[in-house]
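This report concerns only the one structure given below.
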Amino acid sequence: MEFENQINRLRKEVENATNKRNRAEGRLENLKEQRSQILQELEKMGVEPNELDSKIKALEKEMESLLKKANELMPKDI
């Protein structure tokens with residue numbers, strides 16, 4: 001009887017591990033698809049993935065500059 005309990009417990013553990021593996025494989029496929037879509041979008045924008053950080057920093061700097069300029073152009077005596 002003890003062997004039967006151990007076998008049943010092991011069977012459940014194998015089922016659980018199989019289910020986890022299947023979910024992980026599904027998640028991996030979703031992530032691969034998302035990655036592919038992001039890379040396609042970057043390509044459409046003319047940005048290489050390895051240039052992304054520098055492009056973001058340049059855009060942030062440009063935004064800061066434009067905000068500063070907009071603030072300077074705002075009338076102060078209203």
Side-chain angles (χ1 to χ4, degrees):
M1 193 63 163
E2 177 66 30
F3 291 120
E4 187 176 327
N5 289 339
Q6 288 180 350
I7 290 171
N8 286 333
R9 182 182 54 79
L10 289 172
R11 186 175 293 137
K12 287 180 184 179
E13 288 179 13
V14 168
E15 280 181 32
N16 286 336
T18 301
N19 289 336
K20 286 180 181 180
R21 184 191 70 210
N22 290 340
R23 284 193 305 269
E25 287 174 346
R27 178 73 176 137
L28 179 61
E29 284 303 312
N30 285 339
L31 291 172
K32 285 180 180 180
E33 188 174 314
Q34 287 177 7
R35 181 180 185 272
S36 176
Q37 290 173 351
I38 290 169
L39 290 174
Q40 287 175 0
E41 288 179 34
L42 287 173
E43 185 177 331
K44 286 178 188 176
M45 290 186 249
V47 178
E48 294 292 324
N50 59 345
E51 297 172 349
L52 198 52
D53 286 335
S54 62
K55 184 71 170 177
I56 290 171
K57 287 178 184 176
L59 289 170
E60 286 174 342
K61 187 174 181 177
E62 182 181 353
M63 285 174 47
E64 287 175 13
S65 174
L66 290 171
L67 285 172
K68 182 180 177 183
K69 192 174 196 175
N71 281 324
E72 289 171 357
L73 293 174
M74 291 294 288
K76 304 295 184 208
D77 56 348
I78 294 181

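Counting begins at 1 with the first residue of the sequence.
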Task: Any pair counted as salt bridge (charged side-chain N to carboxylate O under 4.0 Å, His left out), so long as it reaches residues 3-13, sequence neighbours left out - done: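 Output for this query lists R9-E13.
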Task: Residue pairs involving residues 40-49 (criterion salt bridge (charged side-chain N to carboxylate O under 4.0 Å, His left out); sequence neighbours excluded) - done: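 Listed once each, the pairs would be none.
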Open item on the list: Membership question, hydrophobic clusters at under 4.5 Å side-chain separation (ILVMFWY): are L10 and F3 in the same one?
Closed with: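 Looking at the clustering, L10 is in a separate group from F3.
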Could you pull out all donor-acceptor pairs under 3.5 Å where a side-chain atom in residues 52-75 meets a protein atom, sequence neighbours excluded?
unit_1, atom_1, unit_2, atom_2, d
S54, OG, E51, O, 2.9
N71, ND2, L67, O, 3.3

Tell me which donor-acceptor pairs under 3.5 Å the side chains of residues 19-37 have, and how far apart each pair is, sequence neighbours excluded?
unit_1, atom_1, unit_2, atom_2, d
N19, ND2, E15, O, 3.4
N22, ND2, T18, O, 3.4

